[in-house]
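Everything below concerns the one structure shown next.
Hydrogens, waters and symmetry mates are skipped; everything else that's a heavy atom, side chains included, is used.
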Amino acid sequence: MAAIRDLAANFRGDVGRGLKADNRAMLTGVLVALCLSVPLIIGLSVLTPLGVGGSIAVGMFVQLFLGWALAGREMRRNR
């Protein structure tokens, strides 16, 4: 729970750091974001009137920004 609060409090700065992250941190961010965005895409396509295309578009933006934020958090915390 503390990690989620930390990510939410520093989201903007972490996204900026994530844009300049090294490959190892970026891979970590992308894989974790993928694990979170796939269920989101499936849930949106089934439970909302967005349809498959709209759900993929929303999931793509979630994947992109969450991946950068997680990579930036990795850079901030471990390097």
Side-chain angles (χ1 to χ4, degrees):
M1 204 59 175
I4 294 171
R5 272 186 252 138
D6 178 52
L7 182 65
N10 299 306
F11 187 78
R12 216 172 152 161
D14 286 344
V15 169
R17 270 191 252 3
L19 289 171
K20 301 174 196 108
D22 62 359
N23 291 336
R24 185 174 176 188
M26 188 53 109
L27 184 61
T28 301
V30 167
L31 289 176
V32 173
L34 183 65
C35 291
L36 297 174
S37 67
V38 168
L40 176 71
I41 292 170
I42 293 170
L44 286 174
S45 66
V46 171
L47 300 173
T48 65
L50 284 174
V52 175
S55 300
I56 290 173
V58 170
M60 178 187 68
F61 284 112
V62 168
Q63 167 78 26
L64 193 66
F65 286 105
L66 190 59
W68 283 334
L70 291 169
R73 182 179 188 277
E74 172 82 14
M75 294 292 289
R76 177 173 49 90
R77 302 276 299 185
N78 297 327
R79 292 178 176 85

- Message: Does atom CG (N78) have a neighbourhood of more than 12 heavy atoms from anything else shown, all under 6.0 Å?
- Response: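 Yes.
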
- side-chain contact (heavy atoms from CB on, under 4.5 Å) evaluation trace for I56 with I41: CA-CA 6 Å; I56 290 173; I41 292 170; 4.1 Å; yes

Same apolar cluster: [X] and [Y], side chain cutoff 4.5 Å:
X   : Y   : value
V30 : M60 : yes
F11 : M75 : no
V62 : L50 : yes

- Task: Let me see the working for Q63 and L36 under side-chain contact (heavy atoms from CB on, under 4.5 Å), right down to the final yes or no.
- Result: CA-CA 8 Å; Q63 167 78 26; L36 297 174; over 6 Å; no

- Task: Search all heavy atoms of G29 against all heavy atoms of L70 and return the closest pair with its distance.
- Result: CA-CB, 3.7 Å

- Query: Of the non-hydrogen atoms in A33 and G67, which two are nearest, and what is the gap between them?
  - Reply: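 So the minimum-distance heavy-atom pair works out to CB-N, 3.6 Å.
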
- Message: Could you measure the distance from the SG atom of C35 to the CG atom of L40? Nearest 0.5 Å is fine.
- Response: 13.0 Å

- Query: What's the spacing between L27 CG and R24 CZ if we round to 0.5 Å?
  - Reply: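 It comes to 10.0 Å.
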
Donor-acceptor contacts under 3.5 Å from residues 14-21 side chains, at least two apart:
residue, atom, partner, partner atom, Å
D14, OD1, R76, NE, 2.9
D14, OD2, R76, NH2, 3.0
R17, NH1, G13, O, 2.8

- Message: Parallel, tilted or perpendicular, judged at 30° and 60°: which one describes the rings of F61 and F65?
- Response: parallel

- Any side-chain heavy-atom pair from N10 and R73 closer than 4.5 angstrom? no

